[in-house]
There are 2 protein chains.
Amino acid sequence: MSLRYALLAILRVGPLSGYDLQKQFHQSVGHVWHAPDSQIYPELRKMEQLGLIEGEEQTRGERGTRRMYHVTEAGDRAFVEWMDAPLDYQRVRDPAHLRAAYLEATTPDSARAFLQRHIAQWESELSQWEGELDRIDAVANPMLVRRLAVTADADRERTIAYKRFAYEGLVERAQAEIAWARRGLALVDRLDA
Amino acid sequence: MSLRYALLAILRVGPLSGYDLQKQFHQSVGHVWHAPDSQIYPELRKMEQLGLIEGEEQTRGERGTRRMYHVTEAGDRAFVEWMDAPLDYQRVRDPAHLRAAYLEATTPDSARAFLQRHIAQWESELSQWEGELDRIDAVANPMLVRRLAVTADADRERTIAYKRFAYEGLVERAQAEIAWARRGLALVDRLDA
DNA sequence: CACGTCATGTAACCTGTTACATGATTCC
DNA sequence: GGAATCATGTAACAGGTTACATGACGTG
C-alpha cells in the first residue's frame, strides 16, 4: 500500500517518465521502501486508472515511446490524506529474532555463522543509509536537489531536517542490530566455554 | 516461510493438537512471528503433506475430534537445516520511516500525531516483550516450562539464555523506535517555532 | 554492428490479511 | 440452558517475489 505513496512522493516534485521515476526511486525512497521495477510500472498504471496521476505518451526517436507521468489534484490530495491518516502497523514478523530464540538447537559454530551474517547484512544496510545521510548533508542526492529547487526557502530547512531524521532512525536501527548480534557472539562464546 | 519453522519449534517440544499449538503459539513465538489461526491450520496440513509432521485424529466426547500432531524425523531434520541455512533477509520496507522522510508535506500537528501514534504503537509492543522477558526470568512461560522439562540440565542455561537474548533484541528495538519518535517530536517543535 | 541503457512490462507463485463459518463440548 | 472455549477451517483478496520477455535508441 505504501508503494503508492512512495511513488507519489517522488512525482509530486515534478513530472517523470516511468523509467526515470524508477531510477530516482532506487536512489532515494527505495532505501526506505524497496520495490522492484516489475511492481512499479503496473502500480503506475493502477494509479493512473484511479486518477491519482496522469500519463502522456511521448515519442522518442522513430518508433520509441515513453510515458510521462504527473500528479493530479486528486493524487496530491490522496498523498496529504495518507500523511494525516494513522499508519497501519504490520504485526511483528522477524525471522532473525525468531531464529535467535532457538539457537540452542544448533551448534555454536552455526550460531556464530548466523550472527556474523546478521552483522554483515546490517552493515551493508548501514553503509547505504550513512551514504544517504552524507548525500543529504552535502545536498548531493539528485532527488533532494530537484525537490529543493521547487521548494520555498522557508521550507527548505524542514525538508532537509525530516529526510535526515528518517535516515537517522534507520542508521540507529542498523547500529542496534549490529550491537545486538555482537552481544550474541559473546554469548555463544560464553556458553560454549 | 518462517511460519513453518516457528510451528516446528513448538512441536519439537512434544505433540500438540492444532488448537493447543495455536494457543501456545500466540503465547510464545507469536510475539516474534505473528500468524492468525487461519494461517496456522492450513500450514499444519501442508506440513503434514510434506511429511514434516504427522497428525492423528483423536475422538473427543461423543462426536468431536481433534488432530494431534507430532514432528517426524524429516521435520526435525528440516528444522535443524533451517537453523544452519542463511536467512533470507527481506528488503527494507518501513512505512513509518517512509512517512517520516516527508513530514514537511503536512502540518506540525499532523506530524506530531503521527509520532505520538508511533510511540504508542511501540510502547505497546515493548510492554509485551518486557512481559515475556519477565516470564522468561521467572520461568513462568508455559511453553518454556514444557521445553525445559524435556531439556537436559546441561542445555537449560543455553535454552533460557537464547530466549532472553532474542527478546532483549526486540525490547531494544522498541526502545530505539520510541526514542527516535521522541526526538522527532522535539524536531517538529523546533521547526514549528 | 554490438553493447549499454532506455523503456516497459507479464505471469506464476507465495505469503499474509480479513472476514466469515460452523459445530461440539464443558462448566456453571 | 447459556456462555466460554474447544476445534477447525474456507474464500477472496492484496501485496510482494522471481523469473522471464521484448524491443528501440544511442554511441563507439
Side-chain angles (χ1 to χ4, degrees), chain A residues 1-7 11 15-27 29-30 32-50 53 55-69 82 87-95 98 142, chain B residues 1-7 11 15-27 29-30 32-50 53 55-69 82 87-95 98 142:
Chain A
M1 244 302 110
S2 299
L3 173 58
R4 175 164 304 170
Y5 302 99
L7 295 175
L11 271 181
L16 282 175
S17 69
Y19 182 77
D20 286 335
L21 187 150
Q22 169 256 108
K23 285 257 151 182
Q24 304 265 12
F25 182 89
H26 294 306
Q27 283 171 33
V29 212
V32 184
W33 191 274
H34 170 81
D37 303 351
S38 65
Q39 210 185 345
I40 292 174
Y41 287 110
E43 181 62 27
L44 287 171
R45 289 288 179 170
K46 245 185 272 171
M47 289 163 71
E48 192 175 7
Q49 272 169 33
L50 293 170
I53 59 178
E56 298 164 71
E57 206 74 17
Q58 286 189 345
T59 59
R60 173 171 165 272
E62 281 300 287
R63 270 182 301 273
T65 63
R66 63 177 190 167
R67 204 163 176 78
M68 291 294 289
Y69 288 103
W82 174 74
L87 269 192
D88 56 324
Y89 286 87
Q90 296 307 113
R91 305 299 298 265
V92 186
R93 207 171 285 108
D94 188 325
L98 169 60
Chain B
M1 245 302 111
S2 299
L3 173 58
R4 174 163 305 169
Y5 301 100
L7 296 175
L11 271 181
L16 281 174
S17 70
Y19 182 77
D20 286 335
L21 188 150
Q22 168 259 108
K23 285 257 152 183
Q24 304 263 12
F25 182 89
H26 293 306
Q27 284 171 31
V29 211
V32 184
W33 191 274
H34 170 80
D37 303 352
S38 66
Q39 210 186 344
I40 292 175
Y41 286 110
E43 181 64 26
L44 287 172
R45 290 287 181 169
K46 245 184 272 171
M47 288 162 70
E48 193 175 5
Q49 273 170 31
L50 294 171
I53 59 177
E56 298 165 71
E57 206 75 15
Q58 286 188 346
T59 60
R60 172 169 166 275
E62 280 300 289
R63 270 183 301 273
T65 62
R66 62 177 188 167
R67 203 163 176 78
M68 290 294 287
Y69 289 104
W82 175 74
L87 269 191
D88 57 324
Y89 287 86
Q90 295 307 111
R91 306 299 298 265
V92 186
R93 207 170 286 108
D94 188 324
L98 170 61

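Per chain, numbering begins at 1; letters A, B, ... match sequence-line order.
- Residue A:Pro42 places its side chain closer to C:dT10 than to any other of C:dT10, D:dA7, C:dG16.
- Nearest nucleotide to the B:Asp20 side chain, out of D:dA7, C:dG9, C:dC6: D:dA7.
- B:Ser38 contributes a side-chain N or O that forms a donor-acceptor pair with the base of C:dT18 under 3.5 Å.
- Regarding A:Gln22, its CD atom lies at a distance of 9 Å from the P atom of C:dT8, rounded to whole Å.
- Residue A:Arg67 is in sugar-phosphate contact alone, with no base atom involved, counting any heavy-atom pair closer than 4.0 Å across all strands shown.
- Atom C1' of nucleotide D:dT8 and atom NZ of B:Lys46 are separated by 16 Å, given to the nearest angstrom.
- Within a 6.0 Å sphere centred on CD of B:Glu62, other residues, nucleotides and ligands contribute 12 heavy atoms or fewer.
- Nearest to the side-chain atoms of B:Arg93 among the listed nucleotides D:dG16, D:dA7, C:dT17 stands D:dG16.
- A donor N or O paired with an acceptor N or O is not found under 3.5 Å between the base of D:dT8 and the side-chain atoms of B:Thr65.
- Side chain of B:Leu3, nearest nucleotide from D:dG16, C:dT15, C:dG16: C:dG16.
- When each of C:dC6, D:dG16, C:dG16 is scored by its nearest atom to the side-chain atoms of A:Tyr19, the top-ranked nucleotide is C:dC6.
- If you check every strand for non-hydrogen atoms under 4.0 Å, A:Lys23 touches sugar and phosphate atoms only.
- Around CD of A:Glu56, the count of heavy atoms belonging to other residues, nucleotides or ligands within 6.0 Å does not exceed 12.
- Residue A:Arg45 is in sugar-phosphate contact alone, with no base atom involved, counting any heavy-atom pair closer than 4.0 Å across all strands shown.
- Between A:His34 and A:His26, the ring planes lie tilted relative to each other; the angle falls in the 30° to 60° range.
- When distances run from any side-chain atom of A:Arg63 to the nucleotides D:dC6, D:dG9, D:dC25, the shortest one goes to D:dC25.
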